[in-house]
Amino acid sequence: MDVSTLLTGLNEAQREAVSVPPGNVLVLAGAGSGKTRVLVHRVAWLIQVCGFSPWSILAVTFTNKAAGEMRGRIETLLGLPIGGMWVGTFHGLSHRLLRSHWKEAALPDHFQVMDADDQLRLVRRVLKHLDLDETRWPPKQAQWFINGEKDAGRRPQQAEDRDPTRRQLQRIYQEYEDACRQTGCVDFAELLLRSYELWRQHPQLLEHYRTRFQQILVDEFQDTNSIQYAWLRLLAGERDNLFVVGDDDQSIYGWRGAQVQNLRDFRHQYPQAQLLRLEQNYRSTSRILKAANAVIACNPGRLGKTLWTQGGEGEPIRLYAAFNEVDEARFVIERLRQHLAQGEKGSGVAILYRTTAQSRLFEEALIQAQIPYRVYGGMRFFERAEIKEAMAYLRLIVNADDDASFERVIATPPRGLGVKTMDTLRDHARLKRCSLWTAAVTLLRDLGLPARTSLLLTRFLELIERMRRDIQGLDLAEAVEKTIAASGLAEYYAQSKDGKGQDRIENLDELVNAARQYVYEGEEDEYPLLQGFLAQSVLEAGEMQEGEAADRVQLMTLHSAKGLEFPLVFIVGLEEGLFPHSMSSMDPSRLEEERRLCYVGMTRAMHRLYLSYAETRRLHGSETYPLPSRFLREIPPELVEEIRPRAQISRPLYQARPYHPVVEDQTGFRLGQQVLHPTFGEGVILDAEGQGSSARVQVKFATAGSKWLVVAYAKLQAR
DNA sequence: GACAGTCCTGTTTTT
DNA sequence: CAGGACTGTC
């Protein structure tokens with residue numbers, strides 16, 4: 001292959017990034033600037049020009065999808081398979097390391113990976129063990145704390161924490177760790193922390209991987225958390241071989257530990273590192289880009305980068321002020337129809353929203369309009385109850401100490417063993433510090449159970465052991481099939497009356513299919529097939545049943561839209577409290593993240609961008625009167641065409657509410673009316689009561705929340 | 001032990 | 001409104 005083709009078709013900045021001499025490189029790549037392209041060509045360049053073997057290259061991505069795409073594109077470009085190259089997510093790569101070196105990592109050879117759901121169950125159990133009240137110590141919060149600590153690279157602190165709350169959380173963390181060890185399970189964060197520690201504690205192993213991986217590339221660097229960054233630095237050592245690509249303006253995962261700071265730190269950590277910028281955008285019209293730039297410019301402390309394009313100005317951005325959320329959906333469908341009538345493809349259209357709950361209205365409207373669509377996210381295949389149950393049987397077969405699976409499986413299908421038996425088992429397991437399986441075995445042996453329970457429990461244990469024997473020597477798909485049948489799951493669902501039984505059976509069949517298609521991806525036989533399959537189902541829960549082919553309109557949250565592009569984009573629900581979300585609007589740094597999310601959303605659009613908000617929205621069952629999102633006001637008015645004409649965009653975006661019943665009462669204000677308060681700022685009248693000097697109104701303020709104010713004292717000004 | 005009815009609380013999501 | 005957790009009855 002001719003080396004020059006590696007650089008043709010690239011712009012100046014991209015060429016420079018691809019061909020820069022090996023060394024530490026930081027590429028700041030704006031949205032739509034050809035980031036993936038640069039990474040792919042860079043790998044090809046390292047192999048073809050610099051003479052690195054694929055075997056000596058490591059590429060880390062954030063999602064499995066990105067990893068798969070990168071591998072595919074590199075192989076297409078080079079025209080040869082690059083099996084020896086490691087391409088994967090931080091978690092996938094760490095998992096692989098731990099499977100290979102389970103002994104050094106102090107894990108059992110059959111260790112299992114827990115997903116977030118399993119983890120939460122385990123946390124619940126731990127809280128129960130510690131006899132802590134779940135209302136005082138919400139399991140979700142404890143889980144959050146544990147993951148936060150692990151993401152920061154911290155083990156349970158033995159040292160007394162000053163803060164009693166933290167001290168208690170540390171105790172929970174410690175107990176949780178013990179439970180993990182006991183059951184041979186590792187959570188997502190543990191994969192990273194454990195492999196990091198593996199390298200720290202075994203210098204010869206680290207040396208081995210350092211020798212092997214001569215070049216390390218990292219995608220979406222702005223999404224890395226502390227432990228991931230530490231992991232990278234440890235592996236890289238002092239060798240100047242990190243090529244990282246990121247965009248601080250697209251950091252939208254701070255809420256789960258990602259540190260934009262890493263991007264900024266990189267330059268301090270590696271002062272010699274080359275800093276390159278990709279600022280030419282190939283995706284959007286200049287109007288869309290200008291608008292997105294204007295919004296993101298409101299964030300302070302950016303690394304600085306302004307996207308530009310040679311493309312045309314394009315159409316104006318269109319803004320629709322819907323009367324309510326139903327009208328908003330109606331409007332989107334109307335415009336969507338016009339678009340499709342022009343012969344455009346549905347798959348080139350995305351409807352983006354802030355929260356998953358918003359998808360429903362659009363789904364209903366699309367069904368009614370008979371427009372095919374696809375919703376991203378939501379319940380993923382491997383997260384469905386019936387799939388998790390079948391997998392739990394398999395996990396229990398592989399690892400009898402996996403308590404999470406034991407608990408999941410013992411009552412499905414119902415076999416007369418319920419809460420009471422489980423309580424006995426749990427107590428015993430806790431006392432003896434052993435797994436539920438071992439507890440069951442010892443209790444049976446010591447005749448510590450009522451006769452009936454004893455019989456049922458024995459049957460259950462024998463069932464699992466029989467299954468273990470029966471799948472010996474079977475291939476993966478047969479083993480899965482056999483497990484589904486022998487467990488009684490198939491029969492149980494066939495008889496279920498809730499109407500979902502048939503779906504569930506079909507999903508179980510699909511699971512057998514997935515097992516049939518499972519291909520082991522590692523080198524040689526690093527570990528048994530079944531274990532690889534089990535781990536993959538946890539690590540890549542969403543990758544199944546993509547079903548791309550059909551031409552459908554795409555519905556997704558703004559978060560999952562990152563990395564994608566569409567000729568036509570609708571961003572809906574641009575309202576204070578929804579986007580930016582109310583949970584984020586008090587904290588400046590989280591508000592900035594919301595703004596980046598808005599920037600990400602806008603820059604998904606290639607040709608057309610529609611923005612909309614509703615003046616009234618039904619939320620949690622009651623009517624709300626949100627203010628238009630502040631992000632709308634950050635867009636220069638001249639770029640926007642308002643569909644329902646009203647005053648200037650820089651002036652209030654909201655005024656008349658003709659479709660809302662006007663309830664003028666003694667307070668002198670009507671519901672939904674815009675008001676101004678000297679200290680709280682802009683707000684909307686939500687409710688009113690009383691009369692004369694005791695008349696009060698409830699006002700929802702843009703920033704100060706909602707308050708009841710006495711009309712006679714509050715200097716409320718109608719606007 | 002299983003199931004039905006009531007209470008309560010509402011981000012974003014990949015691994 | 002709606003899904004999940006929890007409580008009380010058969």
Side-chain angles (χ1 to χ4, degrees), chain A residues 60-67 88-95 113-121 124 134-135 138-140 144 147 150-151 186-193 220 223-225 227-228 251-258 325 352-361 376-380 382-383 385 410-423 450 452-453 456 497-498 535-543 556-563 573 577-585 587 590 593-594 596-598 600-601 617-624:
Chain A
V60 192
T61 62
F62 211 61
T63 66
N64 291 300
K65 198 168 147 202
T89 63
F90 279 104
H91 295 87
L93 298 169
S94 296
H95 173 252
V113 185
M114 260 188 298
D115 68 9
D117 193 52
D118 295 334
Q119 185 185 32
L120 187 61
R121 284 158 185 271
R124 283 225 166 84
E134 284 202 3
T135 48
K140 274 253 168 64
W144 186 257
N147 289 335
K150 289 193 182 190
D151 286 344
V186 297
D187 57 51
F188 287 127
E190 183 71 26
L191 289 169
L192 282 155
L193 181 51
E220 307 273 19
D223 286 330
T224 54
N225 61 31
I227 189 70
Q228 288 165 340
S251 160
I252 54 174
Y253 287 107
W255 51 274
R256 73 179 193 217
E325 76 280 3
L352 308 181
Y353 35 79
R354 176 69 234 272
T355 67
T356 40
Q358 287 167 262
S359 77
R360 228 195 53 212
L361 275 158
Y376 275 76
M379 189 51 100
R380 306 209 305 263
F382 280 99
E383 284 170 356
I410 193 162
T412 354
R415 46 172 68 83
L417 297 165
V419 184
K420 191 126 178 281
T421 314
M422 279 314 296
D423 278 345
R452 193 183 127 78
T453 309
L456 293 168
K497 306 178 201 72
D498 61 358
Q536 197 207 38
S537 75
V538 179
L539 292 171
E540 301 179 23
E543 254 50 48
M556 65 189 88
T557 62
L558 286 147
H559 281 90
S560 36
K562 193 167 77 159
L578 191 59
F579 188 31
H581 199 277
S582 54
M583 303 295 279
S584 302
S585 43
D587 178 357
R590 301 181 75 181
E593 184 155 311
E594 296 277 320
R596 291 194 291 268
L597 192 56
C598 184
V600 167
R617 180 177 296 271
R618 230 185 146 70
L619 213 60
H620 310 318
S622 58
E623 214 70 22
T624 62

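In the text below, chain A, chain B and the rest are named by the order of the sequence lines, each starting its count at 1.
Partners of A:F188 under the ring-ring contact (aromatic ring centres under 6.0 Å, His included) rule, at least two apart in sequence or in another chain, are A:H91. Applying the ring-ring contact (aromatic ring centres under 6.0 Å, His included) rule to A:F579 yields the partners A:F631; only residues at least two apart in sequence or on another chain are considered. For A:R360, the salt bridge (charged side-chain N to carboxylate O under 4.0 Å, His left out) partners two or more places apart in sequence, or in a different chain, are A:E364.
Base pairing in DNA chain B gives the following stems of 3 or more Watson-Crick or G-U pairs, range against range and under 3.5 Å: B:1-10 with C:1-10.
Taking a centre distance below 5.5 Å and an interplanar angle below 30 degrees as the stacking criterion, A:F62 does not stack against the six-membered base ring of B:dT15.
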Quiz item: Just by protein heavy atoms under 4.0 Å, how would nucleotides 4-10 of chain C read 5' to 3' in B, S and -?
Solution: -SS----
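Between A:Y253 and A:H559, the angle of the ring planes lies from 30° to 60°, which puts this pair in the tilted group.
When each of C:dA2, B:dT14, B:dT13 is scored by its nearest atom to the side-chain atoms of A:T63, the top-ranked nucleotide is B:dT14. Taking every side-chain heavy atom of A:P414 into account, B:dA2 is the closest of B:dT15, B:dA2, B:dT13. With distances taken from any side-chain atom of A:R354 to the nucleotides B:dT12, B:dT13, B:dT15, the minimum falls on B:dT12. Closest to the side chain of A:N64, from the set B:dT15, B:dT14, C:dC1, is B:dT15.
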Under 3.5 Å, which N/O atoms of the protein pair with N/O atoms of nucleotides 4-10 of chain B?
none

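When the nearest nucleotides of DNA chain B are assigned to A:E593 and A:T421 by heavy-atom distance, the more 5′-ward of the two goes with A:T421.
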